[in-house]
Number of protein chains: 2
Amino acid sequence: MQNRTDTTRTIGEHGIPEPTLRRLPAYCQVLRRLAGRGLKQVSCTRIGRELGFDPTQVRKDLALAGAVGRPKVGYCTEELYRTLENFLGWNNVEEAVLVGVGHLGTALLGYTPFDRYGVRIVAAFDSDPEKLGPHAHGVQVFPQTRLPELLRRMKLRIGILTVPAEAAQSVCDLMTANGVIAIWNFAPIALSVPANVIVQNEDLFATLGVLSSKLAAALRTGS
Amino acid sequence: MQNRTDTTRTIGEHGIPEPTLRRLPAYCQVLRRLAGRGLKQVSCTRIGRELGFDPTQVRKDLALAGAVGRPKVGYCTEELYRTLENFLGWNNVEEAVLVGVGHLGTALLGYTPFDRYGVRIVAAFDSDPEKLGPHAHGVQVFPQTRLPELLRRMKLRIGILTVPAEAAQSVCDLMTANGVIAIWNFAPIALSVPANVIVQNEDLFATLGVLSSKLAAALRTGS
DNA sequence: AGTTTCTCGATAGATTTTTCTCGATAATGG
DNA sequence: CCATTATCGAGAAAAATCTATCGAGAAACT
Ligand SMILES: NC(=O)c1ccc[n+]([C@@H]2O[C@H](COP(=O)([O-])OP(=O)(O)OC[C@H]3O[C@@H](n4cnc5c(N)ncnc54)[C@H](O)[C@@H]3O)[C@@H](O)[C@H]2O)c1
Ligand SMILES: NC(=O)c1ccc[n+]([C@@H]2O[C@H](COP(=O)([O-])OP(=O)(O)OC[C@H]3O[C@@H](n4cnc5c(N)ncnc54)[C@H](O)[C@@H]3O)[C@@H](O)[C@H]2O)c1
């Protein structure tokens, strides 16, 4: 089909389709569950049924992540899980910083099984003096003013951003200026960052938008 | 291209591509911001620049949502905003129920500007007696046992699910059995529901997976 | 042992989504 | 008034993604 001079451009280093990438965590969860039930072998058909995905798609996704299976048998549950975990970078946990200990930030700080997902929050910051002090799981909340100093000292590379939208860009700048190269952004705003920095927006309202527009459509049609 | 007997099947009633649907809320946010600055007219180029999207894509998205603009001028900011809001169903706010007043549920209950996004949480439920009573914004937390009764009485159609994964399916069943037809699910598990029920999963770990695998790839390559 | 059945892996086909190109239109500035 | 420029709208092309098909291997059953 496409015989330009240089195909295989996109598949440079981590050139996995993003939709695939977004499905991998779901596979991990299913595998953990099935492994917990003592299932040694697992097939794409099975995984697909659990998640409502097409088996062929599952197979393709797993292949892209580097998994290999055997005909009739499927994949070894444990091995497949480790392959995915390794691919996602979840086997060696990265330490992370969280800025903005409000409603959402507190919820994230309180979420225990985060290190299962490759991230451990080791420090938090807030500009509000009332938020300071030790928090859940012994994570300390520091005053925002100490962010540059501590960030440099601790060499944290992942930043979680849960401040109001107005403050997001300036906090983001502060993070990137002090060594953060990957940002998980919960503020509903597009951040502008240096070229080498990775930003992933957790856009809750995108999901809500899909939900409510589908609902609106269903109500128009249905009754 | 496709001259089957019945084309225009997919474009039945709400046949907008889902990626488009997911971008619409972002356009709303930008428009709100720009309108706040007194901007009467706005172009796709401008919106695209704010969000890092391709202008053509913005134009196509807006067209799909039913917006019309004028050459050289662009769109009327206010009118465009209302068009999108109307398309998303965010102009008439739906009342919603939240089940699971834990870390995440509390954060959502505490989020003031939800009604700007078409949803108002009017009741919450939890199986833990300690969580009962009045909560932020006067939302009452009821015991889980009263869910069927109150759900039927209040005729709520949107359910927000923030219970642990193990409990998610049973709570979901309870919701759908009592009139809920749209579920915003935060539990990391695939729900099975009757055919007419809409489920949107807010899969936080999908985003985190993309982030960490990109970071892992960058670290492998870069340094 | 032979047959059946289930599954992976690869390839090709279909569909969806994004990007590009073009002409028409309206404001702006000489 | 006319050239210029910015913009929408529509349609085509390109790219990405998803789905279907087929062959071969491995286990289970007869
Ligand atoms: N709570 C939710 O359910 C929810 C849902 C969707 C999106 N969000 C988004 O998440 C972000 C946080 O929401 P929230 O409800 O937790 O808000 P919040 O107001 O409860 O918390 C924000 C926190 O950030 C702190 N902060 C403000 N400016 C700061 C600065 N410059 N440096 C450091 N800390 C600063 C505040 O002191 C506060 O503790 C917002 O952008 C919001 O739009 C929240
Ligand atoms: N907190 C986070 O940052 C976070 C992040 C990602 C995903 N999640 C997911 O969101 C969900 C909630 O997380 P959380 O941290 O708020 O958990 P949590 O344990 O703090 O809260 C769960 C709440 O649900 C209630 N509950 C349990 N079973 C119930 C039942 N059958 N009926 C009614 N209520 C019941 C509990 O009493 C508790 O109040 C989980 O599925 C979790 O995996 C949370």
Side-chain angles (χ1 to χ4, degrees), chain A residues 1-12 14-24 26-27 34 39-77 79-80 83 206 210, chain B residues 1-4 6-12 14-24 26-27 34 39-77 79-80 83-84 206 210:
Chain A
M1 296 297 164
Q2 64 290 60
N3 39 10
R4 296 277 163 285
T5 6
D6 51 345
T7 29
T8 63
R9 158 55 41 79
T10 45
I11 322 176
H14 56 283
I16 308 293
E18 187 151 323
T20 293
L21 223 38
R22 293 187 63 85
R23 282 188 293 266
L24 295 184
Y27 299 144
L34 295 182
L39 214 58
K40 294 282 175 246
Q41 310 285 338
V42 65
S43 73
C44 291
T45 317
R46 182 64 195 276
I47 298 175
R49 182 150 39 85
E50 295 282 330
L51 292 164
F53 296 168
D54 185 276
T56 312
Q57 183 171 69
V58 176
R59 194 169 303 128
K60 186 158 266 187
D61 287 344
L62 298 182
L64 284 168
V68 288
R70 282 190 307 157
K72 174 70 182 179
V73 174
Y75 304 84
C76 165
T77 315
E79 185 192 323
L80 179 56
T83 304
V210 178
Chain B
M1 298 297 165
Q2 66 288 61
N3 39 12
R4 297 276 166 287
D6 49 347
T7 28
T8 63
R9 159 53 41 78
T10 45
I11 323 174
H14 57 285
I16 308 293
E18 187 150 323
T20 294
L21 222 38
R22 294 188 63 86
R23 283 187 294 266
L24 294 183
Y27 299 144
L34 296 182
L39 214 57
K40 294 280 176 247
Q41 309 285 337
V42 66
S43 72
C44 290
T45 318
R46 181 64 195 277
I47 297 175
R49 182 150 39 83
E50 295 282 330
L51 291 164
F53 297 167
D54 184 274
T56 312
Q57 184 170 66
V58 177
R59 193 170 303 128
K60 188 155 268 188
D61 287 344
L62 297 182
L64 283 167
V68 289
R70 283 190 306 158
K72 175 69 182 177
V73 174
Y75 304 83
C76 165
T77 314
E79 184 191 324
L80 179 55
T83 304
L84 296 184
V210 178

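For the numbers below, each heavy atom of this structure counts, side chains included, while hydrogens, waters and symmetry mates do not. Just so we're on the same page: letters track the sequence lines, and every chain starts at 1.
Screening residues 61-70 of chain A for salt bridge (charged side-chain N to carboxylate O under 4.0 Å, His left out), with sequence neighbours left out, gives A/R23-A/D61.
How far CG of A/D54 is from CZ of A/R49: 13.5 Å, rounded to the nearest 0.5 Å. With values rounded to the nearest 0.5 angstrom, B/Q41 atom CD is found 5.5 Å from B/C76 atom SG. Between atom CD of residue A/Q57 and atom CD1 of residue A/I47 there is a gap of 12.5 Å, rounded to the nearest 0.5 Å.
Taking 4.0 angstrom as the limit, A/Y75 places a side-chain polar atom (N or O) nearer than this to OP1 or OP2 of C/dG9.
Across the protein-nucleic acid pair, A/L21 atom CG and D/dA16 atom C1' stand 15 Å apart, rounded to whole Å. Summarising the geometry, the separation between CG on A/L64 and C1' on C/dG9 is reported as 12 Å, rounded to the nearest angstrom. Atom P of nucleotide C/dT17 and atom CD1 of B/I16 are separated by 11 Å, given to the nearest angstrom. In this structure, A/E18 atom CD and C/dT18 atom C1' are separated by 14 Å, rounded to whole Å. Per the geometry, CG belonging to A/D61 stands 17 Å off P belonging to D/dA16, to the nearest Å.
Listed by chain and number, the residues in a side chain to side chain donor-acceptor pair (under 3.5 Å) with A/T45 amount to none (sequence neighbours excluded). By the side-chain contact (heavy atoms from CB on, under 4.5 Å) test, B/A67 is found to be paired with B/L62, B/Y75, B/L80, B/T83, residues two or more places apart in sequence or in another chain being considered. Residues passing the side chain to side chain donor-acceptor pair (under 3.5 Å) test with A/R46, sequence neighbours excluded: A/E50.
One can find a donor-acceptor pair under 3.5 Å joining the base of C/dT19 and the side-chain atoms of B/K60.
Mapping A/Q57 and B/G74 onto DNA chain D by nearest heavy atom places B/G74 at the nucleotide closer to the 5' end.
If you check residues 41-55 of chain A against DNA chain C, the residues with a heavy atom closer than 4.0 Å are A/S43, A/C44, A/T45, listed by number.
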Margin query: Across nucleotides 21-27 of chain D, 5' to 3', mark each nucleotide with B, S or - according to how protein heavy atoms within less than 4.0 Å reach it.
Written below: ----BBS
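When all heavy atoms of A/R22 and B/A206 are compared, the pair lying nearest together is O-CB, 3.4 Å. Residues B/P55 and B/C44 come closest through the heavy atom pair O-CB, 3.7 Å.
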